[in-house]
2 protein chains.
Amino acid sequence: METVNKKILLVEDDPNFGVVLKDYLGMNDFDVTLAKNGMEGFEKFRKENFDLCILDVMMPYKDGFTLAKEIREKDENIPIIFLTAKTMKEDVLKGYKVGADDYLNKPFDSEVLLFKIKAILQRKSTESLADSKQFEFQIGNFHLNSKLRFLTYKEEEPIKLSPKENELLRLLALHENDLMPRELALTKIWRDDNYFTSRSMDVYIAKLRKYLKKDDLVEILNIHGEGFRLVVKEDADR
Amino acid sequence: METVNKKILLVEDDPNFGVVLKDYLGMNDFDVTLAKNGMEGFEKFRKENFDLCILDVMMPYKDGFTLAKEIREKDENIPIIFLTAKTMKEDVLKGYKVGADDYLNKPFDSEVLLFKIKAILQRKSTESLADSKQFEFQIGNFHLNSKLRFLTYKEEEPIKLSPKENELLRLLALHENDLMPRELALTKIWRDDNYFTSRSMDVYIAKLRKYLKKDDLVEILNIHGEGFRLVVKEDADR
DNA sequence: TAACCATTTAACCTAACGTTAACAAAAATG
DNA sequence: CATTTTTGTTAACGTTAGGTTAAATGGTTA
């Protein structure tokens, strides 16, 4: 089968290390573009469509986090792996805020990096099955405009939705009458699947249920241990 | 969320190394069963449902390759990783013949093993998404939706099934009118074949019989000492 | 700084689930 | 036909997931 190599943007200021890593990844069937600093990295990012970014944190002029933030503005889904010399907690936190997919502390085993890359790309590729560009939904007698974050019941005044409410309802709508796995919402919306994000999600399910109570045809059911299901019953009139 | 740990069968004759490795994997959220030789390894493999096998090649009585061949006869898809002291070409070839998924030469970096395991399991799990599993069944007048865990009788309100009820009924349906061996359900669903899981399964058979009582055409028969049979009689009307 | 809003965290409660025990019935064994 | 093994059924129990409300946090804006 014809398979195109995955494209990786590698931003690393140490030229020796950068070239070695680039060659290593190249030998493993990745197309690697090497940038020597954050500035150059962003330029290259804008010109090409990469599948994954590997960013050194400690770089002159523009550090990895700042670069990541800029990259995220252009593409909120691209996987980012940080290379960092320090294990400092604040750095890790900072990284997660800009949506790091993984971390590696230098020095690291190159084979480990390879497996992380493969694992992330695989995860993303299965996730993207759920990716959709649909932003408007008819849900029973409700209409959801996910771009404007409006939920309208019949001819009433639209209800304003918060970002999280909106994303969650949209994800449910994308799976209308089908299972929307907990894990999917947590990784897509909260970007982290742990006890607290899970509880947070439950809070938002409660909020959505409150909104949706207006329409008897619509309800959010739980499938224990699996996720939720947005059920839209057939209108008896039709 | 209910996430069951992956089960690994580790067959390693060096007791010290075996225990260390078992503990290390255990710390990383794997359930590891350790066997001291090929014989014991195969016994344990038959009793439980593992997700992956790690086999030492050099072992007394029964070497890793022979064991792998036996394991492959029972399950042609289970991932196998070989641990070997030598890098000899013929061994590598021999390993690939029995379908090795990966190799590690001793001594190896434990973190590398960890990433190999994760990568392999992830690959297998996405592969298995593709081999279209059947999740919907017509059972007499019942309809089973195994994805949403619903059992619907004619036009009545669907009955919610618990995960175990659902899996068990699905397994019976896959063997409709045929024997569904006890051992199969126990290893596949309970992942362990012992007295207690066996009694637990009987409890679930009772629950399913209660649900299925609505339809005279459907019943679960026991075949003493063998297993169960989901019988669907022909509808006289058709 | 105060006031506001979205989100997270905490606390507490209920429902769902699976296992186990206990006892009954049926089938196999010899 | 007495005994053992396997299966059937019910109920109690402990654990975990989910539901709900309110308070804490944190960022933004006036």
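Within every chain, numbering begins at 1; the chains are lettered A, B, ... in the order of the sequence lines, protein sequences first and strands thereafter. This structure is a prediction, so every number in the text was calculated from the model and none was measured.
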Exercise. Looking at residues at least two apart in the chain, or sitting in another chain, which of them share a side chain to side chain contact (heavy atoms under 4.5 Å, CB included) with Y211(B)?
Worked result: L151(B), I159(B), L161(B), E165(B), L208(B)
Exercise. Under the ring pair (Phe, Tyr, Trp, His ring centres under 6.0 Å) test, which residues partner F50(A), sequence neighbours left out?
Worked result: none
Exercise. To the nearest Å, how far apart are L208(A) CG and dG18(D) P?
Worked result: 16 Å
Exercise. With respect to the phosphate group of dA17(D), does any side-chain polar atom (N or O) of R182(A) fall under 4.0 Å of OP1 or OP2?
Worked result: no
Exercise. With sequence neighbours left out, what residues match D51(B) under side chain to side chain contact (heavy atoms under 4.5 Å, CB included)?
Worked result: K6(B), K7(B), L121(B), R191(B)
Seminar exercise, completed: Sorted by chain and number, sequence neighbours left out, salt bridge (charged side-chain N to carboxylate O under 4.0 Å, His left out) with E155(B) holds for none
Exercise. Could you state the CG-C1' distance from N222(B) to dG8(D), rounded to the nearest angstrom?
Worked result: 9 Å
Exercise. Which residue pairs satisfy the salt bridge (Lys or Arg N to Asp or Glu O under 4.0 Å) criterion with at least one member in residues 220-230 of chain B, sequence neighbours excluded?
Worked result: none
Problem set entry | side chain to side chain contact (heavy atoms under 4.5 Å, CB included) partners for R199(A), two or more places apart | Y195(A), D202(A)
Problem set entry | Atom-to-atom span, CD of E226(B) to P of dA27(C) - whole angstrom | 15 Å
Problem set entry | Spacing between I220(B) atom CD1 and dA26(C) atom P, to the nearest angstrom | 18 Å
Problem set entry | Any side-chain heavy-atom pair of L169(B) and F137(B) under 4.5 Å | no
For this session: Starting from the first five and the last five pairs of the helix from dT1(C)-dA30(D) to dG30(C)-dC1(D), work out the angle between the resulting helix axes, to 10 degrees.
Result: 30°
Exercise. E167(A) CD to dA6(C) P: how many Å, rounded?
Worked result: 14 Å
For this session: Classify the nucleic acid contact of D202(B) as base, sugar-phosphate or nothing, counting any heavy atom under 4.0 Å across all strands shown.
Result: base
Exercise. Can you give one letter per nucleotide of nucleotides 9-17 of chain C, 5' to 3': B if a protein heavy atom sits under 4.0 Å from the base, S if only from the sugar-phosphate, - if neither?
Worked result: BSB----SS
Problem set entry | Contact summary for N141(A) and Q138(A), nearest pair of heavy atoms | C-NE2, 3.9 Å
Exercise. Rounded to the nearest Å, what distance is computed from the NZ atom of residue K213(B) to the P atom of nucleotide dG8(D)?
Worked result: 14 Å
For this session: With sequence neighbours excluded, tell me which residues meet side chain to side chain contact (heavy atoms under 4.5 Å, CB included) with E176(A).
Result: V232(A)
Seminar exercise, completed: Walking DNA chain D from its 5' end, the first of K207(B) and G227(A) to be reached, judged by nearest nucleotide, is K207(B)
Exercise. Any side-chain N or O of W190(B) under 4.0 Å from OP1/OP2 of dG18(C)?
Worked result: no
Exercise. Under 4.0 Å between a side-chain N or O of K210(B) and OP1 or OP2 of dT10(D)?
Worked result: yes
Problem set entry | Length of the line joining I205(B):CD1 and dT9(D):P, which is rounded to integer Å | 10 Å
